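Notes for the one structure printed next.
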Amino acid sequence: MDVWKKSLHLFFGTLVVCGLGIIFLLFAQPPQKTDEIYSDALSLYEKEEYSKSYFEFSKVSYMSILKPLAIYHQGVCADKIEDKAAAIKQYRFFLFLYPQHVLSTRVKYNLAQDLVDKDPYRAHKYFESIIKHYPHTDYAIASEYYAGLLKLKKYQNEKIFPMSVKNDIENHFRHYLKKAPSGRLALNVVANWQELDKNISKDDYLLMANSYYLFGDYKKAAELAKKADLKNAWALEVKNSAAMGNKSRAMFLTEWGLAGNADYIDKEDVYAAIDTYMGLVPSKYDAAIKLMGLSKSRGKDYLMDIRCRYSPADVKFGCYKNLYLWFPTSEFVDDAQSQIFLYLFRAHDIENAQRIGIEFLNKYKDSVYAPMVMYYLGRLSEHAKSYRDYMSYYKSVISKYPDNYYAYRAYLHLNHSRGPIITSYIKEQPIEYPYAKRHALLDKLVALRDFEVLEEYYIGDDFIKSWVLYKKGDYKQAMLVARDAMDKLEEKPDREDLRWRLVYPVIYYDEVLKAANKAGNVAPLMLAIVREESYFDYNATSPVGAKGLMQLMPATASEIASKHSISKYKLNDPVQNITLGNYYYSFLKSMLGGLDVSSIAAYNGGVGSVNRWKSSIYYQDTDSFVEQIPYPETQAYVKKVFRTYWNYIRIYNGNS
């Protein structure tokens, strides 16, 4: 008997010890071991071994910051093998343990999805909760659709369909199409809405037509647009007709709309219709004059701005003067006044130029043209040998608008530089987490490459989003997100701020440096061309067929390759594209006296155009030439490339 008792004590003691051991492992796991388990689980998930991945995630310690993420992943794994009961269990467990976690909204959304068939009432409650408490998230937008759909399913077989319920469903669908017209569920929304109601309003048909247009189903968009009121739908029909190749209808509707129906639609839609029209005509200047004659209200000032932009040099000043006088409250009046100021500067009308320039800075200090006006006020002061004033203006441009093209020009004048090149040296620096205070969990998730979960952590901070995209390898999108985020900042950070590296990343620089040295080019300037041409997308193809990082036309690449005895190449190969692009730029320089400003202009507008401009434009210096380039696209391109060059020098060279 004693032996049995001892055996039982030993057995239960062993169970307790094992249980405690298991509990200890679950709650007190070494961090390195936890990371290994989590990484193995992610690897199994990527291999679509979801059952094994589910089990592996369950081993993550409850003491680890990765545990809530592991529970979430278990729910996703269960969803993948269509074990909704297990998924619901994990999601509910997550919300019980971590109701305020950053993943809780996604978990609640996934849980609602899994409950749609099993418990539609509870699912609807979750969707409504997401809409109410997280209205600005993508989950709220998708929840609009599902909340409406669940109500539709509940009542569609009923003999009595309350009007209030019908209106509620339509509101859900309407909110979705307004917030996400090209969203993943948009066409489902349209189909379900049409199933619900045969008496859809004209405005709602317009919403549906817009979604089909955005999805590229132009025929269906045209069918639904016909059911809308043309006075509200004409701008959409302009774009849709152009997309279908019906140029005459697109042009007719633009003219018809501007003649008396522009006030019925948003100004952005009017501008979009005008832009579409401009893309169908050989002369934007003549088209702007014609449409201005037809326009009765909204859009007339925009047409005037286009007319001035593309007007011949001898009438440009008068055009902008009229824009300034005729449309004093227009959003384009700052453009007009800045151009009037620039004309007076070139005409050496110093007194009036200073007066207009100072007035501009007082009235439009937040205008995108403020750096230009401030810079040229510095030029005026420099001509007048007013040392204190021009130093003040130049330094103000650099401090207030540090990444602007005119900050670059101000720096050159402050340092009495004769040419456009500051230096050919930059020190490559890695992309890092954009803030000095690091986020331990985000670092860990990047190291583990759990990008799905990382998406939830950068909501509300596009610099973190950019960093995650960069780590993921999506360089183009990372740069664009960071660029837009930086543009929104009223006060720009110091040049050493890590966020600048996201806006101006140094990618493919070893290849650029090698090719630039071989071709006799300035490497940071070539890097600037790569950034502006393709945003580092080696598979980029332009509408006219230019390809790769430096956007070379196939015929141009073939000619350059032949000159340098390169028999085989691929334009989407980064090394080969950069090599050919550098040889091409070197060729342009040889044709244009070794001048980088002229060569950058030729890279966009062609050597023939540049030579023609140089012979027809009266200019005294680089600024005068650039500001008078008659192709707005090429003028903007020159400024963008040198702005980017300046920023690479500013950010990656400690001496600038």
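Nothing here was measured: the structure is a model prediction, and the numbers come from that model.
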Note: Arg643-Glu532 ion pair, threshold 4.0 Å (strictly below): no
Assert yes or no for the condition that the ring centre distance of Tyr213 to Tyr218 is strictly below 6.0 Å. yes
Is the ring centre of Tyr504 less than 6.0 Å from the ring centre of Tyr652? no
List the steps, then state whether side chain to side chain donor-acceptor pair (under 3.5 Å) holds for Glu359 with Gln337. CA-CA 9 Å; Glu359 178 186 296; Gln337 187 167 345; 3.2 Å; yes
Taking all non-hydrogen atoms of both residues into account, name the closest pair between Pro505 and Ile431 and its distance. CB-CD1, 4.1 Å
More than 12 heavy atoms of other residues, nucleotides or ligands under 6.0 Å from CD of Glu268: is that the case? yes
With a 6.0 Å cut-off on ring centres, are Tyr310 and Tyr285 close enough? no
Below 6.0 angstrom between ring centroids: does that apply to His413 and Tyr375? yes
Got a salt bridge between Arg309 and Asp305, using NZ or NE/NH1/NH2 to carboxylate O under 4.0 Å? yes
Flag yes if more than 12 heavy atoms outside Tyr401 fall under 6.0 Å of its OH atom; otherwise flag no. yes
Ring centre gap for Tyr320 and Phe317 strictly below 6.0 Å: no
Has Tyr271 got more than 12 heavy atoms of other residues, nucleotides or ligands less than 6.0 Å from its OH? yes
Does the pair Glu491/Lys400 count as a salt bridge with the N-to-O cut at 4.0 Å? no
Cationic N near anionic O, under 4.0 Å, Arg346 to Glu627: no
For the residue pair Tyr645 and Tyr408, categorise the inter-ring angle as parallel (less than 30°), tilted (30 to 60°) or perpendicular (more than 60°). perpendicular
Could you tell me whether Glu559 atom CD has more than 12 heavy atoms of other residues or ligands within 6.0 Å of it? no
With a 4.5 Å cut-off on side-chain heavy atoms, are Met244 and Arg249 touching? no
Do other residues, nucleotides or ligands put more than 12 heavy atoms under 6.0 Å from the NZ atom of Lys365? no
Decide yes or no on side chain to side chain donor-acceptor pair (under 3.5 Å) for Lys385 and Tyr390, but give the supporting numbers first. CA-CA 8 Å; Lys385 302 189 184 306; Tyr390 85 72; over 6 Å; no
Just checking, any donor-acceptor pair under 3.5 angstrom between side chains of Asn246 and Ser241? no
Sidechain N-carboxylate O distance under 4.0 Å for Asp573, Lys547: no
Could you check whether atom NZ of Lys514 has more than 12 heavy atoms from other residues, nucleotides or ligands sitting under 6.0 Å from it? no
Checking Asn521 against Asn582: is there a side-chain donor and acceptor pair closer than 3.5 Å? yes
Please determine whether the number of non-hydrogen atoms from other residues, nucleotides or ligands lying under 6.0 Å from atom CD of Glu633 exceeds 12. yes
Can you confirm whether the side chains of Tyr343 and Lys321 place a donor and an acceptor under 3.5 Å from each other? no
Just wondering, more than 12 heavy atoms not from Met591 lying within 6.0 Å of its CE? no
Taking the six-membered ring where the residue is Trp, are the ring centres of Trp646 and Tyr405 under 6.0 Å apart? no
Before you tell me yes or no, could you show the steps for Glu533 and Leu549 under side-chain contact (heavy atoms from CB on, under 4.5 Å), namely the whole-Å CA-CA distance, both residues' side-chain angles and the distance that decides it to 0.1 Å? CA-CA 7 Å; Glu533 287 286 348; Leu549 290 170; over 6 Å; no
Is the distance between the ring centroids of Tyr475 and Tyr470 under 6.0 Å? yes
Among Phe625, Tyr619, Tyr631, the one residue meeting ring pair (Phe, Tyr, Trp, His ring centres under 6.0 Å) with Trp613: Tyr631
